[in-house]
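As structure tokens, the structure follows; a few thoughts come after it.
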Amino acid sequence: MNFWTQLPKPFFALAPMEDVTDTVFREIIASGAAPGRLHVLFTEFLSVDGFLHEIGKAKTGHRLEISALERAILDSKGIKLVAQIWGSDPEKFHQTALRLTEKHAFDGIDINMGCPVKKIVRKNACSALIKAPELAKEIVIATREGTRLPVSVKTRIGFNATETQKWIGKLLEVKPAAITIHGRTQKMLSTGVADWNEVRKAVQLRDSLNSDTLILGNGDVSSYADGLEKSTTFETDGIMVGRGIFGNPAFFADPDVINQDQSIHLLKKHITRFSHEWEGRKNYAILKRFFKVYVHSFDNSTALRALLMKTNNFKEGMAVLKEYEAVKHSLVNLVNHNTP
Ligand SMILES: Cc1cc2nc3c(=O)[nH]c(=O)nc-3n(C[C@H](O)[C@H](O)[C@H](O)COP(=O)(O)O)c2cc1C
């Protein structure tokens, strides 16, 4: 079944982000999301070459893991999970789609046609497909022939220069269930400002062609309210949020603010869940990248973060947080006892 067509509009998705949107982070974000504010999650991107190769699979298979806890939360909230894949060989997309479908774990398959990283572009994959639209179309078709799940595409507005209509027009020919459009070219990487007028042009093109493909806008969405406004102004069916989540782990909550105690509580939960899922399999350094998500913009947050960054393992990280909480608690008690 094509779940995309069942979503209310505008719908919200958390962007696929390598080393960020693993099962643990997805679980945390999904569990804090208010009803109706988060509809679709994506895995980190996974190479079809790696997936179909024994050694490669052992190295990158973790990207497809879904914990029982995440599964339960997604099921209870009706949040969909899409596996994102990348590569350049249509046959490998076909084989990967067959196997992903057999896993019965995903609601959709998304093809990455946007990643701008040079070593990937050199392999004629991801954003390089913008320069090879016929191959891009073959890949969509080959993937779809390997699955009953809906197949979507995530891409940009051009390679060196903006060419939204030409490129999206090509993609629409093969009728993806949805296209996410990040309003930057490959050349821009993550610099400058996402051009949402180009996203709107894609929507208008879709409408003029009477196509059923849904369009998600992506780029610089800073809050849930900003997403709602952008979807109205630029007429998108959906909104995808990437780095906005780094500034606010309560992005999809209502109200979408959390206080210092709640932030620390979430970080402790993240450390506990991360160590449970990944201890011995993923480096502690990957977890360290999340500290700034939870520890910022409150009194002494910079100092606390510096202490956390010096830790070497889960136990040390938790110890710093517990000590911080104890000191803070004592300070509050001291002030209360001495306030007339
Ligand atoms: C750390 C990081 C990892 C990313 N990994 C992926 C990925 O695996 N697949 C993908 O399609 N895009 C990836 N992206 C791009 C985001 O999905 C998104 O398109 C981009 O950040 C723009 O949206 P934003 O301005 O809301 O962050 C990544 C971005 C970041 C910051």
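Indexing begins at 1, ligand by ligand and atom by atom, following the structure's order. The shown structure was predicted, so the numbers you read here are calculated from the model rather than taken from an experiment.
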Under 3.5 Å side-chain donor-acceptor pair for Tyr284 and Thr311: yes
Leu308 vs Leu321 side-chain heavy atoms within contact, under 4.5 Å: yes
message: Measuring only between side-chain heavy atoms, which start at C-beta, is His182 closer than 4.5 Å to Asp195?
response: no
At what distance is the nearest protein heavy atom to [atom], and which residue and atom is it?
atom	answer
atom 9 (N) of ligand 1	Gln84 OE1, 2.8 Å
atom 26 (O) of ligand 1	Gly242 N, 2.8 Å
atom 18 (C) of ligand 1	Asn218 OD1, 3.4 Å

- prompt: Sub-3.5 Å donor-acceptor pair from the side chain of Ser231 to the main-chain atoms of Ile239, do we have one?
  reply: no
- line: Checking heavy atoms under 4.0 Å, the part of Met17 that sits near ligand 1 is both
Are any of the N/O atoms in [X] less than 3.5 Å from those in ligand 1?
X	result
Val20	no
Asn112	yes
Pro16	yes

query: Within 45° of the ring axis of Tyr224 and under 6.0 Å from its six-membered ring centre, is that where the NZ or CZ of Arg37 lies?
result: yes
field: Option whose closest heavy atom lies nearest to atom 31 (C) of ligand 1, chosen from Glu18, Lys154, Arg243
entry: Arg243
- request: Determine the interplanar angle of the Trp4 and Phe42 rings, folded into 0 to 90°, and report it as parallel if under 30°, tilted if 30 to 60°, perpendicular if over 60°.
  value: tilted
Lys201 vs Glu198, salt bridge (Lys or Arg N to Asp or Glu O under 4.0 Å): CA-CA, chis, key distance, verdict: CA-CA 5 Å; Lys201 281 187 198 168; Glu198 291 299 318; 2.8 Å; yes
field: Test item, Gly219 contacting ligand 1 (heavy atom, 4.0 angstrom)
entry: yes
Numbered atoms and elements of ligand 1 in range of Ala15, under 4.0 angstrom, heavy atoms: 17 (O)
- prompt: Near Asp220, which atoms of ligand 1 are under 4.0 Å from a heavy atom of that residue?
  reply: 24 (P), 25 (O), 26 (O)
field: Greater than 12 external heavy atoms within 6.0 Å of Ile55's CD1
entry: no
